[in-house]
Engineer: 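Below is a structure I'd like to ask you about.
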Amino acid sequence: MLGLAVAGVLAVPVAVLGVHVTHPRDEDEYLAHLKQYGDLQSDRPLEVLPPTADLIAEGDAACDWLREQPYALWRHDPDYRESAVFARYLRNLGDRSPKWGDALPGLGSVAGAAWGYLCPADWELRQPRRHPFTPKPD
């Protein structure tokens, strides 16, 4: 019985560590994503990106904010949906502009790319999951 309790307690940190191992940070893909999709109003890639250090710093700030958000796990409340988390982040930014001013990409694009490539494990852990014992929806 004690062994089962210890295994249960250790399962959570092992699972979280597993998510971090399988979802590594990738700065090159982050920058490539911003170059390709940084202009949400156009299908064309951006010709020039702001300084890499500024883009990484803004992306890391978005990741820091995300880490303060609770894990979703099997919660499916509207507050845990991707669009709600993203809207909350944008509200948190207010009218703040990035260091590079009005040039693209905007902070919304930076956050989306950062969560996908700079801190994908943190983003994965904050996505709602289907409860493992419920039937799959049709």
Side-chain angles (χ1 to χ4, degrees):
M1 189 64 127
L2 179 63
L4 187 60
V6 170
V9 169
L10 292 177
V12 173
V14 167
V16 170
L17 179 63
V19 170
H20 282 276
V21 168
T22 59
H23 294 76
R25 177 182 176 99
D26 191 336
E27 291 179 6
D28 292 334
E29 283 297 318
Y30 166 70
L31 296 169
H33 182 90
L34 287 174
K35 186 157 186 76
Q36 183 66 40
Y37 303 107
D39 183 356
L40 299 176
Q41 306 301 319
S42 172
D43 291 339
R44 292 181 296 162
L46 295 175
E47 291 184 26
V48 178
L49 285 175
T52 298
D54 291 345
L55 287 171
I56 298 289
E58 284 292 351
D60 284 341
C63 288
D64 290 344
W65 179 89
L66 182 64
R67 287 182 194 105
E68 295 174 0
Q69 305 308 300
Y71 289 168
L73 302 177
W74 292 283
R75 299 178 196 152
H76 289 276
D77 308 6
D79 288 346
Y80 292 95
R81 293 189 183 131
E82 180 177 351
S83 59
V85 173
F86 194 72
R88 221 170 29 249
Y89 178 71
L90 293 177
R91 276 194 309 274
N92 180 67
L93 288 176
D95 293 334
R96 186 174 73 77
S97 295
K99 288 182 180 181
W100 55 89
D102 292 334
L104 293 173
L107 290 177
S109 295
V110 168
W115 297 346
Y117 298 104
L118 295 183
C119 54
D122 295 306
W123 182 237
E124 181 71 23
L125 291 167
R126 282 152 183 90
Q127 299 300 299
R129 300 279 172 257
R130 187 179 64 79
H131 192 283
F133 303 110
T134 59
K136 290 185 178 181
D138 294 330

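Heavy atoms only: backbone and side chains are in, while hydrogens, waters and symmetry mates are out. Numbering starts at 1 and runs along the sequence shown.
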Engineer: Would you name the heavy atoms of Arg126 and Ala72 that are closest together and state the gap between them?
Structural biologist: O-CB, 3.3 Å
Engineer: Identify the heavy atoms of Ala62 and Ala114 that sit nearest to each other, and give their distance.
Structural biologist: CB-CB, 4.4 Å
Engineer: When rounded to the nearest 0.5 angstrom, what distance separates CD in Glu124 from NE2 in His23?
Structural biologist: 4.0 Å
Engineer: If two hydrophobic side chains count as joined below 4.5 Å and joins carry through other members, does Leu66 share a cluster with Leu93?
Structural biologist: yes
Engineer: Backbone N or O of Leu55 within a donor-acceptor pair of the Tyr30 side chain at under 3.5 Å?
Structural biologist: yes
Engineer: Among residues two or more places apart or on two chains, list those pairs meeting salt bridge (Lys or Arg N to Asp or Glu O under 4.0 Å) that have a residue in residues 59-76.
Structural biologist: Arg25-Asp60, Asp64-Arg67, Arg67-Asp122
Engineer: For Pro105 and Ser109, which heavy atoms make the closest approach, and how far apart are they?
Structural biologist: CB-CB, 4.1 Å
Engineer: Relative to each other, are the rings of Trp115 and Trp123 parallel, tilted or perpendicular (30° and 60° limits)?
Structural biologist: parallel
Engineer: Quick check: do Arg44 and Asp39 have side-chain heavy atoms less than 4.5 Å from each other?
Structural biologist: no
Engineer: Under the ring-ring contact (aromatic ring centres under 6.0 Å, His included) test, which residues partner Tyr80, sequence neighbours left out?
Structural biologist: none
Engineer: Would a distance-only check, ignoring hydrogens and angles, find a side-chain to backbone donor-acceptor pair under 3.5 Å from Arg88 to Asp79?
Structural biologist: yes
Engineer: Grab the two heavy atoms, one from Pro78 and one from Ala84, that are nearest each other, plus how far apart they are.
Structural biologist: O-CB, 3.2 Å
Engineer: Nearest 0.5 Å please: distance from the CD atom of Glu58 over to the OG atom of Ser97.
Structural biologist: 9.5 Å
Engineer: Going from OG1 on Thr52 to CG on Asp28, what distance comes out if it is rounded to the nearest 0.5 angstrom?
Structural biologist: 9.5 Å
Engineer: Taking a hydrophobic cluster as the set of Ile, Leu, Val, Met, Phe, Trp and Tyr residues connected by side-chain heavy atoms closer than 4.5 Å, whether directly or through intermediates, do Leu40 and Trp100 fall within one such cluster?
Structural biologist: no
Engineer: If two hydrophobic side chains count as joined below 4.5 Å and joins carry through other members, does Phe86 share a cluster with Tyr37?
Structural biologist: no
Engineer: Flag yes if Leu49 and Val110 sit in one hydrophobic cluster, no otherwise; membership is Ile, Leu, Val, Met, Phe, Trp, Tyr, and two members link when side-chain heavy atoms are under 4.5 Å apart.
Structural biologist: yes
Engineer: Identify the two heavy atoms, one from Trp65 and one from Asn92, that lie closest to each other, and give their separation to 0.1 Å.
Structural biologist: CD1-ND2, 3.4 Å
Engineer: On a heavy-atom basis, which atom in Leu107 and which in Pro98 lie closest, and how many Å separate them?
Structural biologist: CD2-CB, 3.7 Å
Engineer: For Arg96, does the CZ atom sit with more than 12 other heavy atoms under 6.0 Å from it, leaving out its own atoms?
Structural biologist: yes
Engineer: So how far is it from Glu47 CD to Lys35 NZ, rounded to the nearest 0.5 Å?
Structural biologist: 7.5 Å
Engineer: Do other residues, nucleotides or ligands put more than 12 heavy atoms under 6.0 Å from the CG atom of Asp77?
Structural biologist: yes
Engineer: How long is the span from the CG atom in Leu31 to the CG atom in Leu118, to the nearest 0.5 Å?
Structural biologist: 8.0 Å
